[in-house]
Protein chains: 2
Amino acid sequence: MPASRPHPDHPAVICTVDVVLLTLSAGQLQVVLHQRPQEPFAGSWALPGGYIHAQRDESAWHAAARVLQDKAGIVSPYLEQLATYAGPRRDPRGWSVSIVYFALVPEDLLPPDRPGLKRFAVSSLPRLAFDHRDIVELAVARVRSKSQYSSLPVYLCGDQMTLPQLQAVYEAVLGEPVNKVSFRRKIEELGMLEPVEGAQETGQAHRPAQIYRLKPAFQRTLSVVPRGLNA
Amino acid sequence: MPASRPHPDHPAVICTVDVVLLTLSAGQLQVVLHQRPQEPFAGSWALPGGYIHAQRDESAWHAAARVLQDKAGIVSPYLEQLATYAGPRRDPRGWSVSIVYFALVPEDLLPPDRPGLKRFAVSSLPRLAFDHRDIVELAVARVRSKSQYSSLPVYLCGDQMTLPQLQAVYEAVLGEPVNKVSFRRKIEELGMLEPVEGAQETGQAHRPAQIYRLKPAFQRTLSVVPRGLNA
DNA sequence: GGAATAGTGTCTCTAAGACAGTATCTA
DNA sequence: TAGATACTGTCTTAGAGACACTATTCC
C-alpha cells in the first residue's frame with residue numbers, strides 16, 4: 001500500500017461488485033442473469049452488479065448483498081467472495097475492477113423470471129457481456145470443488161430436508177452419482193444436521209424419510225471434512 | 001455491473017494491490033515486509049503494495065508483479081490472487097480496495113534484508129499496518145491448505161532439488177512431519193518432477209540423493225492430486 | 001567396517017464403495 | 001400383499017502410514 005497521496009492523481013478505476021447467483025432447479029445448477037438496458041453490451045445478459053457506494057457500503061460483501069437485494073430481492077443468502085477481475089480492456093469504459101461474489105439460494109427464495117431477469121442452466125449459457133462467462137465458469141468450478149468436502153450445497157436447500165433430497169442436491173452439483181453409504185457417513189461426520197423429532201416426509205408409497213434441519217451453529221458457516229466424497 | 005455512466009459520480013475509492021511475499025528460511029515460513037516511510041502508519045511494517053497504474057498495468061496480476069519488482073527486485077515468481085479486502089475503515093484516507101496476491105520464492109532469489117525491507121517469521125509477526133496481519137494469516141492458511149494436495153511448495157525451492165529436500169519443505173510449510181513413503185507416492189502421482197540424469201547430491205557421509213527438476217510443463221502451473229497428504 | 005541417510009518392499013489399518021438385508025409407507 | 005424407497009449391517013477394496021530392509025556414500 002503506497003505511502004503518499006490521500007487521493008492519488010492516477011486516473012480513477014471503475015470499481016464494481018458482481019454476483020454469481022446460483023440455484024438448483026429441475027436438477028440443474030442455474031445462474032440468475034440480468035439483461036443490460038444500456039451500453040456497453042446493451043441487451044446482453046450479464047451478472048447482476050453495481051458500483052461500490054463509498055457512502056453506504058460497509059465492505060465489498062455488503063455491496064454485493066445490496067446488489068442482490070436491489071436486483072433480485074434476495075436477503076441474507078450464502079454469499080462468499082470468488083475472485084477479483086481487473087484490467088484495462090474488460091470494460092470499454094476504462095480500467096475496471098470487479099470484485100465478484102457467488103451466492104447460493106434455494107429455488108423457492110428466488111423471484112420468478114421476469115423481463116430482464118432470468119435463470120439459465122450453467123451448462124447452456126447465452127452470450128454474456130464483458131468477461132462474465134469466464135466468471136460464471138469459475139464460480140461453478142469453485143462450487144463443485146468445495147462441495148466435495150464441505151456442507152456448501154445445503155445452502156441450495158430450504159431450511160429442512162431429508163437425506164435423500166440432500167444427496168440428490170449433491171449429485172446435481174457434482175454432476176455424478178454419490179454412494180449412499182459414504183454420503184451418509186460424510187454428513188454424519190460434518191455434524192451440521194439434526195433430525196427434526198417426529199417429522200417425516202409422508203404421502204409417498206414407501207418408507208418415509210426422516211426430516212433434518214441445519215443446526216443453528218451452522219446457519220452461516222460451512223462445515224468441512226478432511227477427505228471429500230472422492231467423486 | 002452498472003448500466004450507466006462511464007465514470008460514475010460516486011467518490012473514487014482508493015484502489016491498490018498488496019503482495020504477501022513468502023519464502024522459506026531456516027525451516028520457517030517467512031514473509032517480507034516493508035516499513036512505511038509516511039503516514040498513515042508511518043514506521044509500521046506493511047505488505048509491499050501500491051496503487052494500480054491504469055496507464056501501465058495490464059491487469060491486477062501485472063500490477064502485483066510490478067510491485068514485487070519495484071520493491072523487492074523479484075521477477076516472475078509464483079504469484080496467485082488471494083482475496084480482495086475493501087471497506088471504508090481499513091485505510092484512514094478513505095474507502096479502499098486492496099487486491100491481494102501471494103507470491104512464493106526460493107530464499108536465494110530474495111534480496112538481503114535492508115533498512116525498510118525485512119523478513120519476519122509468520123509465527124511471530126510484528127504489529128502490522130492496516131489489516132495486514134489478517135491478510136498474512138489468510139495467506140499462510142491458504143498456502144498450508146493448498147500444499148496438502150498440490151505441488152505449491154515446489155515454488156519455495158530452487159529449480160533443482162532432491163526428494164528429501166522437498167519433503168523438508170513440505171514439512172516446514174505444513175508444520176508437521178510427513179510420511180516418507182506416502183510423500184514419495186504423492187510426488188510420483190503429481191508427475192511434475194523428472195530426475196536429472198546422473199546428477200546426485202554428493203559430499204555427504206551417506207548415500208547420495210537423486211536430483212530432480214520441474215518438468216517444463218509445470219514451470220508456472222500447479223499439479224494437484226484428488227486426495228492430499230492427510231496431514 | 002561403521003555411521004548416516006537414500007530409496008524401496010511389504011504389512012497393517014483406515015476409510016470409501018458395493019451389496020444385500022430389514023423397515024415402513026401407499027395402493 | 002406388492003411395490004417402492006429409507007435406512008443399516010457388513011464385506012470388499014483402495015489408499016495412507018508404519019516398519020524394516022537394502023543401497024551408497026564418507027570417514
Side-chain angles (χ1 to χ4, degrees), chain A residues 27 145 147-151 157 160-172 174-191 193-213 223-231, chain B residues 27 145 147-151 153 157 160-172 174-213 223-231:
Chain A
S145 165
S147 296
Q148 296 200 359
Y149 58 90
S150 82
S151 60
C157 295
Q160 299 200 345
M161 74 217 80
T162 68
L163 292 185
Q165 284 167 356
L166 184 57
Q167 181 174 349
V169 170
Y170 269 85
E171 289 174 339
L174 296 174
E176 59 194 359
V178 166
N179 182 279
K180 181 171 59 168
V181 179
S182 302
F183 175 75
R184 282 163 181 259
R185 275 194 291 242
K186 279 297 167 201
I187 296 299
E188 172 75 14
E189 192 182 349
L190 285 166
L193 295 185
E194 60 188 5
V196 180
E197 295 302 335
Q200 300 197 319
E201 188 194 39
T202 58
Q204 293 182 77
H206 55 77
R207 175 172 171 177
Q210 174 65 48
I211 293 178
Y212 290 82
R213 66 169 158 247
S223 179
V224 299
V225 286
R227 272 169 294 278
L229 280 165
N230 284 19
Chain B
S145 165
S147 296
Q148 297 201 358
Y149 59 89
S150 81
S151 58
C157 296
Q160 298 199 346
M161 74 216 80
T162 68
L163 292 186
Q165 285 167 356
L166 184 57
Q167 180 174 349
V169 170
Y170 269 84
E171 288 174 340
L174 296 173
E176 60 193 356
V178 166
N179 180 280
K180 180 171 62 166
V181 179
S182 302
F183 176 75
R184 282 161 182 259
R185 276 194 291 242
K186 280 296 167 201
I187 296 299
E188 172 75 14
E189 192 182 348
L190 285 166
M192 66 199 166
L193 295 184
E194 59 187 5
V196 180
E197 295 302 334
Q200 300 197 319
E201 187 193 40
T202 59
Q204 294 182 78
H206 54 77
R207 176 173 172 176
Q210 174 66 48
I211 293 178
Y212 291 82
R213 67 169 156 246
S223 180
V224 299
V225 285
R227 270 170 295 278
L229 282 165
N230 284 18

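Order of the sequence lines fixes the chain letters, A, B, ..., with proteins taken first and strands second; residue numbering starts at 1 for each chain. These numbers were taken from a predicted model, which means no experiment stands behind them.
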Of residues 197-208 of chain B, the positions that come close to DNA chain C - non-hydrogen atoms, cut-off under 4.0 Å: B:Ala205, B:His206, B:Arg207, B:Pro208
Partner set under salt bridge (charged side-chain N to carboxylate O under 4.0 Å, His left out) for B:Glu194, not counting sequence neighbours: B:Arg213
Test salt bridge (charged side-chain N to carboxylate O under 4.0 Å, His left out) applied to A:Glu201 - qualifying residues, sequence neighbours left out: none
Set of residues satisfying side chain to side chain donor-acceptor pair (under 3.5 Å) with respect to A:Glu189, sequence neighbours excluded: A:Lys186
Atom pair CD/CG of B:Gln160 and B:Leu193 - distance to nearest 0.5 Å: 11.0 Å
Under the ring-ring contact (aromatic ring centres under 6.0 Å, His included) test, residues paired with B:Tyr212 that sit two or more places apart: none
Contact check, side chains of A:Glu197 and A:Pro195, non-hydrogen atoms, under 4.5 Å: yes
To the nearest Å, how far apart are [X] [atom1] and [N] [atom2]?
| X | N | atom1 | atom2 | value |
| --- | --- | --- | --- | --- |
| B:Gln210 | D:dT24 | CD | P | 13 Å |
| B:Ile211 | D:dT25 | CD1 | P | 13 Å |
| A:Asn179 | D:dT12 | CG | C1' | 12 Å |
| B:Gln148 | D:dG15 | CD | C1' | 16 Å |
| A:Gln165 | D:dC7 | CD | C1' | 15 Å |
| B:Gln167 | D:dG17 | CD | C1' | 12 Å |

Sorted by number, the residues of residues 180-193 of chain B with heavy-atom contact under 4.0 Å to DNA chain D: B:Val181, B:Ser182, B:Arg185, B:Lys186
